[in-house]
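Just so it is clear, the values below take in all heavy atoms, side chains as well, and ignore hydrogens, waters and symmetry mates. Quick note: residue numbers are just sequence positions, from 1.
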Amino acid sequence: KILGACETLTQEQFLASAEFPFGSERGGSLRDTILHIVDAEYGWRDFFETNTFGEDLKAEDFQTFSSLEKKFRDEEQAMRAYLNGLTDEDIVSHRKYINDEGIHRDRILWHCLLHVVNHGTQHRSEAAALLTRYNASPGDLDFTLYLIETGNT
């Protein structure tokens, strides 16, 4: 729904600075907020698969909505493929890493996966608020409505 609503915006709206989305201290935008969602999912999935965090995605590589939408869709497919290959043992396995502040972390995989979902929820709500300001509300984003709309009553 977020991506569909973005299709109705002008390039200027997509890149316009906003006061509250991700990156607002740097003049963040709707593009930056959606890029942050994709980057987080990409980064975590890459870590789950390789045990290392890759390079962050760069805003300058996604100057148009269509380029970012393609990355979003590609990452969605990659994450689904990863999730489809998980076993019950994998879900409760530990992932150890050092965060950006140098702090050692030991997390259970399902905790990390829940974090990815929760993180995306926060930033999708920010994107939805921006879209609403542009008279392009994505509508209700409740999970139960998603289930109904996709035939999972």
(message) Under a 3.5 Å distance rule, please check whether R31 uses its side chain to pair with a backbone N or O of F62 as donor and acceptor.
(response) yes
(request) Would you confirm whether D106, through its side chain, and K96, through its main-chain N or O, come within 3.5 Å as a donor-acceptor pair? (result) no
(message) Salt bridge check, K1 against E149: does any charged N sit closer than 4.0 Å to a carboxylate O?
(response) yes
(message) I need the D32 CG to L130 CG distance, nearest 0.5 Å.
(response) 10.5 Å
(request) Give a yes or no on whether the backbone of G54 and the side-chain of D46 come within a donor-acceptor separation of less than 3.5 Å. (result) yes
(request) Take the angle between the ring planes of F48 and Y82 and call it parallel below 30°, perpendicular above 60°, tilted in between. (result) parallel
(request) Keeping the roles fixed (side chain from Q13, backbone from T10), state whether a donor-acceptor pair exists under 3.5 Å. (result) yes
(message) Less than 3.5 Å apart, any donor N or O on the side chain of T121 or N118 sitting next to an acceptor on the other?
(response) no
(request) Kindly indicate whether the side chain of R105, heavy atoms from C-beta on, has any atom under 4.5 Å from the side chain of I98. (result) no
(message) Treating Q11 as the side-chain partner and Q63 as the backbone partner, does any N or O pair qualify as donor plus acceptor under 3.5 Å?
(response) yes
(message) For residues F72 and V116: do they belong to one hydrophobic cluster (side chain heavy atoms under 4.5 Å, members Ile, Leu, Val, Met, Phe, Trp, Tyr)?
(response) no
(request) Could you tell me whether the side chain of L30 reaches within less than 4.5 Å of the side chain of C6, counting heavy atoms only? (result) yes
(request) Find the distance between OH (Y97) and SG (C112) and round it off to the nearest 0.5 Å. (result) 5.5 Å
(message) Quick check on the hydrophobic clustering: are I37 and M79 connected, directly or via other members, by side-chain heavy-atom contacts under 4.5 Å?
(response) no
(message) So, taking the atom named CZ in R95 and the one named CG in N51, what distance separates them when rounded to the nearest 0.5 Å?
(response) 7.0 Å
(message) What I want to find out is whether E41 reaches R45 closely enough, with some N-O distance under 4.0 Å, to be called a salt bridge.
(response) no
(request) Taking all heavy atoms of T8 and all of A136, pick out the closest pair and write down the distance. (result) OG1-CB, 3.4 Å
(message) Is it the case that over 12 heavy atoms from other parts of the model lie below 6.0 angstrom from the OH atom of Y146?
(response) no
(request) Would you check if there is a donor-acceptor pair between the side chains of T150 and N152 at a distance under 3.5 Å? (result) yes
(message) Check for me, please, whether Y42 and L109 land in the same ILVMFWY cluster - side-chain distances under 4.5 Å, paths through other members count.
(response) no
(message) With a 3.5 Å distance limit and no angle check, can you tell me whether N99 reaches the backbone of E101 through a side-chain donor-acceptor pair?
(response) yes
(request) Could you tell me whether the side chain of N84 and the main chain of R80 form a donor-acceptor pair under 3.5 Å? (result) yes
(message) Let me check something: do L68 and L3 share a hydrophobic cluster, defined by ILVMFWY side-chain heavy atoms less than 4.5 Å apart, either directly or through other members?
(response) yes
(message) Using side-chain heavy atoms (C-beta onward) and a distance below 4.5 Å, is L9 in contact with L131?
(response) yes
(request) Supply the atom-to-atom distance T33 OG1 to I2 CD1, rounded to the nearest 0.5 angstrom. (result) 10.0 Å
(message) Centre-to-centre under 6.0 Å for W44 and H115, is that the case here?
(response) yes
(message) Quick check: closest heavy atoms across P138 and A128, and the distance to 0.1 Å?
(response) CG-CB, 3.7 Å
(message) If I take atom NE2 from residue H123 and atom CG from residue L35, how far apart are they, to the nearest 0.5 angstrom?
(response) 11.5 Å
(request) Kindly indicate, with the supporting measurements, whether the criterion side-chain contact (heavy atoms from CB on, under 4.5 Å) is fulfilled by I91 and I108. (result) CA-CA 7 Å; I91 293 292; I108 299 169; over 6 Å; no
(request) Give a yes or no on whether V38 and F53 share a hydrophobic cluster (residues Ile, Leu, Val, Met, Phe, Trp, Tyr; joining criterion: side-chain heavy atoms under 4.5 Å apart). (result) no
